[in-house]
Amino acid sequence: MVELILEQSKSKTGKHAIRSLLFKWDNEIKQLNPKGSKVLPIYREGEASAVNLREKGIFVYARFVRNLKGKVRGRVMVIKDGVVSLEMNYRKLKLKRISGDPALYSYVKAVMDYLKIPVKRTNLK
């Protein structure tokens, strides 16, 4: 069982923002909006909820933060049967593997294509 925070919030000025999304793989990528307990978001405007993943299957959790200069950083995790199997960082249009099985990269690529997030290079070493 993995506990995830699904959040969509921004600062009062709108210069900082966080967005986290959850996807399920069923022969294609599908975005999930499960209900969970409400928690306090990081920024002032928006909402956040804590969700427990109890289902079996392949899930992709993506969390992106936009900073003051408009640069986006993120973290993408592939969760397979309740265990984090692949973890990657997104920074400067590049994806870098932190830990896990690089064979699961196809799920991350499917999510990035679905969200239309540009990826210039990938490091799976």
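Since the model is a prediction, treat every value here as computed from it, not as a measurement. Note that these values count all heavy atoms, side chains included, but never hydrogens, waters or copies made by symmetry.
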Heavy-atom pair with the smallest gap, counting every atom of [X] and [Y]:
X    : Y    : result
I42  : R63  : CD1-NH2, 3.3 Å
A110 : W25  : CB-CZ3, 3.9 Å
P41  : S9   : CB-CB, 3.9 Å
K125 : N123 : N-OD1, 3.0 Å
G100 : R97  : O-NH1, 2.7 Å

Straight-line distance of [X] [atom1] to [Y] [atom2], nearest 0.5 Å:
X    : Y    : atom1 : atom2 : result
L53  : L22  : CG    : CG    : 5.5 Å
R19  : E7   : CZ    : CD    : 11.5 Å
K80  : K56  : NZ    : NZ    : 12.0 Å
K92  : R121 : NZ    : CZ    : 10.5 Å
I117 : F64  : CD1   : CZ    : 3.5 Å
L32  : F59  : CG    : CZ    : 6.0 Å

Among R75, K96, K94, side chain to side chain donor-acceptor pair (under 3.5 Å) partner for N89: R75

Taking C-beta and beyond as the side chain, do [X] and [Y] meet within less than 4.5 Å on heavy atoms?
X    : Y    : value
L6   : P34  : yes
I79  : I58  : no
V84  : V78  : no
Y61  : V2   : no
L124 : M88  : yes
V108 : L104 : no
Y90  : M112 : yes

Under 4.5 Å between side-chain heavy atoms, counting indirect links through other Ile/Leu/Val/Met/Phe/Trp/Tyr residues: same cluster for [X] and [Y] or not?
X   : Y   : value
V60 : M77 : no
L95 : I98 : no
I18 : L21 : no

Has the side chain of [X] got a donor or acceptor atom that lies under 3.5 Å from a matching backbone atom of [Y]?
X   : Y   : value
D26 : E28 : no
S11 : H16 : yes
D81 : G57 : yes
S99 : E87 : no
S49 : I5  : no
N67 : G70 : yes

Given the rule in the side chain to side chain contact (heavy atoms under 4.5 Å, CB included) test, do D101 and S85 qualify, once you have shown the distances and angles that lead to the verdict? CA-CA 6 Å; D101 184 13; S85 300; 5.5 Å; no

Go through it in stages, so that I can follow the logic: the residues are L4 and N52, the test is side chain to side chain contact (heavy atoms under 4.5 Å, CB included), and I'd like the CA-CA distance, side-chain angles, deciding distance and then a yes or no. CA-CA 6 Å; L4 303 171; N52 288 325; over 6 Å; no

Answer yes or no: does atom NZ of K24 have more than 12 heavy-atom neighbours from other residues, nucleotides or ligands under 6.0 Å?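 Enclosed: over 12 neighbouring heavy atoms sit under 6.0 Å from NZ of K24.
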
Can you tell me if E45 has over 12 outside heavy atoms packed within less than 6.0 Å of its CD? yes

Would you check if the distance from the ring center of Y114 to the ring center of F23 is below 6.0 Å?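 Yes; F23 has its ring centre under 6.0 Å from that of Y114.
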
